Amino acid sequence: MSSGAGREAVFPTRQSLGLMKSKLKGAETGHSLLKRKSEALTKRFREITRRIDEAKRKMGRVMQIAAFSLAEVTYAVGGSNITYQIQESVKSARFRLRTKQENVSGVFLPQFESFSTNDAKDDFGLTGLGKGGQQVQRCRETYRRAVETLVELASLQTAFVTLDEVIKVVNRRVNAIEHVIIPRTENTIKYINSELDEMDREEFYRLKKVSNKKQRDQAATDKELQRQRKKTDGGADDEPPDVLGTQEDDDVIF
Amino acid sequence: MEGMFYNVNGGFVEGIVRGYRNTLLTAQNYSNLTQCETIDDVKLQLGPAYGDTLAALPPNPSTSSLASKTTEKLVADFRYLQAQATGSLAKFMEYLTYGYMIDNVALLITGTLHERDTRELLERCHPLGWFETLPVLCVATNIEELYNSVLIETPLAPYFKGSLSHQDLDELNIEIVRNTLYKNYLEDFYHFVNNHPDMRGTPTAEVMSGVLEFEADRRAINITINSFGTELSKSERQKLYPQFGKLYPEGSLMLSRADDIESVGLAVSGVGDYKSFFDQMNQSGGVGAGNMAGGSANEGKSLEDLFYQKEMELSKLVFTHQFTHAVIYAWVKLREQEIRNITWIAECIAQNQKDRIGNYITVF
Amino acid sequence: MAAPPSAYKDRQFLAVIGDEDSVTGLLLAGVGHVTEPPDSQRNFLIVDQKTEASQIEQAFTRFTRERKDIGILLINQHVAEKIRYKVDSFTEAFPAILEIPSKDHPYDPEKDSVLRRVRRLFGE
């Protein structure tokens, strides 16, 4: 018997046996359910990791294109001062996130969704008014799309981290059930069974003993009775029963 | 006749500028540059033209440091010329730098508005627009102080006076401030070349008028197109148009009423050059507005490209004139374009976007 | 288990730590946000040669732990390299940390802390 799977501290009674049996059954059902959940999650997880890998590569390209469009802006404006101006004209984000949830086998995966608010004032509408404005607007568009890709990737990544966590928890549970709870319950059942058997055997033996004793007592009483009867008859009987004869006594029936 | 005495004062400088012009990169140089694999190769190719200036760069420098070094060279040359210049030529060269000063002051205004430490901004200022009293502006802690010191300390005071108050600096978008200043500057420059006794009626006035008119028109058109879909109202927009140029006044009026790219095309149709730009643009699918084109590569030349191309051609033509200050202006513009070309090519190489490397503009 | 909705429902901004060009581009896309005065916090940090690692760390901590309105933190990979241990030790789901390439430093999947986790999980 492995050390990790001792038994639970219960009295070996039929009632607790019933309890244990239903517990074992529950554990087995739970195990198979959790196992299935873990498999579903892992499947999803693998899919996500593959998509992350792809998306990260895609991001490399997208960001490169975006960086290049910024180079176009610098070319058109012909100076580096525009970057400072952009930094300083920032006031309020137009590009914001919304989070929603997706349900995968009972796990809520948060997902990011980007949207542009129209409440916020356009901080860069006039940037490059004198020259380069068209490039600036184009660059904004390019970067906006790049950021959308990034947001997508971030969703995947968050899903990855969350799923990773959840899968770990689920697997821990599966393992706990498989390697601890089930063996322990089984042990307990075995223990209760053996205890009960033992008790059965004891009972049987005791009964046997009792019946033997009763038999002996009965036989003695019978003998006594007969002798007394013989004495009272005084040998008047033509054939007095031969007590010590070969004739058997009737069985004593309780 | 007018050339008779030009050389007394301006001959030396003009000679040097013509020499500088000959060191500008040619189409041959550019095609060599585009073949480069790394920035180091680019550096090597630029060796003859830029010499020691680039020597200090680390191996495989970033494109921005390359750009700043090449600009440094331009500034050094310019300062040398400025030291030689006298009289109206010196004044002319000062006028040249005002455009950059406007950018610098706009930068400082932005910094002050957001309560940043403006001293850090000094190194971001364009060196051509540097003037001795520029650091004084950093002392200002609020916009009113800054406004007053701009009025007192800088040559830009006339451009502020009358059209911008210190409240305006606070409330208006910095781009509007900048463009207002630039408009005043262009008008002043135009007035200067046409009315200064040394230049009136000389080739300088003639050539510079042409160049400045082009610049004014370009700004007007750009502002119009770029303001579509922004909060800039039509009347505000009209205030930003310089009041001269080939488009002024009828074209400007039409521009001020334009709502879309077609009406801009209509407004400029009176001038042959601009009309052909718009025709070219329409052929290539109307990418002028730029917003919808996104990052898709290989579209035709944008309007800005066409304008730059035109500017370069004009600048090149300036060198066919003799006895004029305008060559300096043209040379600065050509050099600036060259720097931008180099940066562009370096950027393309650094970012592995070789398919668009040919987008530079060369006229030699 | 999964993070409770309260952990992310207010997260509506992106934050950026990166070099000037990357930040400028992303700001152009409209991610920039400056909170209301008086504290006016920006949600981006520009890193150049002069920026010290401690400053980056500080910004990183501010964006990941202190501010609760940031859903995604974008960080240039070469900047992340400088504070790698910090990035690696951050394993929570929110905010999501995304390593992005910069103009001068193309993307290297080997260095990405999430991708490395992916690799490790699949025993590669």
Side-chain angles (χ1 to χ4, degrees), chain A residues 45-46 49 52-53 56-57 59-60 63-64 66-71 73-74 80 82-83 86-87 90-99 101 107-110 112 116 120 122-124 127 136 139-140 142-147 150-151 153-155 157-162 164-166 169, chain C residues 1-5 7-14 16 20-36 40 42-44 46 69-74 76-77 91-104 106-109 112 114-115 117-119 121-122:
Chain A
F45 187 68
R46 284 187 181 263
T49 37
I52 284 188
D53 217 48
K56 287 245 168 185
R57 276 164 228 281
M59 170 190 77
M63 289 305 287
Q64 197 177 31
F68 194 68
S69 80
L70 191 66
V73 169
T74 338
S80 60
I82 188 145
T83 54
I86 289 167
Q87 288 158 31
V90 167
K91 280 190 202 73
S92 168
R94 273 170 78 80
F95 192 100
R96 298 191 184 195
L97 299 169
R98 222 191 326 248
T99 39
Q101 291 181 321
V107 180
F108 288 101
L109 293 182
F112 295 111
S116 310
D122 192 348
D123 294 335
F124 309 112
T127 307
V136 171
C139 179
R140 285 177 61 178
T142 318
Y143 260 99
R144 219 173 51 72
R145 259 177 290 174
V147 178
L150 292 181
V151 169
L153 181 54
S155 297
Q157 197 174 298
T158 321
F160 169 81
V161 176
T162 320
D164 188 25
E165 195 104 327
V166 173
V169 171
Chain C
M1 255 347 241
Y8 49 81
K9 73 172 193 309
D10 291 332
R11 299 185 181 270
Q12 53 168 333
F13 296 120
L14 293 98
V16 192
E20 185 157 17
D21 279 352
S22 310
V23 174
T24 308
L26 293 168
L27 291 182
L28 273 180
V31 306
H33 192 85
V34 181
T35 53
E36 294 291 311
S40 4
R42 296 158 150 210
N43 63 345
F44 53 94
I46 291 169
D69 55 349
I70 286 171
I72 302 176
L73 171 63
L74 303 171
N76 268 152
Q77 200 169 33
T91 51
E92 279 157 51
F94 287 99
I97 295 181
L98 218 53
E99 290 178 30
I100 55 170
S102 67
K103 199 180 78 183
D104 305 322
Y107 186 67
D108 180 5
D112 193 294
V114 170
L115 275 189
R117 258 169 82 183
V118 172
R119 296 254 144 73
L121 278 170
F122 292 108

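Every chain is numbered from 1, with letters handed out A, B, ... down the list of sequences. For clarity, every value in this text was computed on a predicted model and none was experimentally measured.
Atom OG1 of C:Thr24 and atom CG of A:Leu70 lie 6.0 Å apart (nearest 0.5 Å). Note that CE of A:Met63 and CG of C:Asn76 are 7.5 Å apart. Values are rounded to the nearest 0.5 Å. Here the CG atom belonging to C:Asp21 is positioned 6.5 Å from the OG1 atom belonging to A:Thr74, to the nearest 0.5 angstrom.
Looking at C:Leu74, only its side chain comes within 4.5 Å of chain A, counting heavy atoms on both sides. Of the two parts of A:Leu150, the backbone and the side chain both hold a non-hydrogen atom closer than 4.5 Å to a non-hydrogen atom of chain C. Contact annotation for A:Gln64: neither backbone nor side-chain heavy atoms come within less than 4.5 Å of a heavy atom of chain C. Using a 4.5 Å cut-off between heavy atoms, A:Ala154 touches chain C through backbone and side chain atoms alike.
Among C:Asn43, C:Leu26, C:Val23, the residue with the largest count of heavy-atom pairs under 4.5 Å with chain A is C:Leu26. In terms of heavy-atom pairs under 4.5 angstrom with chain C, the leader among A:Arg98, A:Arg144, A:Arg57 is A:Arg144.
When all heavy atoms of A:Leu97 and C:Gly71 are compared, the pair lying nearest together is CD1-CA, 4.0 Å. Heavy-atom minimum distance, C:Glu99 versus A:Met59: O-CE, 3.1 Å.
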(request) Test side-chain contact (heavy atoms from CB on, under 4.5 Å) on A:Thr142 and C:Leu28 and set out the steps. (result) CA-CA 9 Å; A:Thr142 318; C:Leu28 273 180; over 6 Å; no
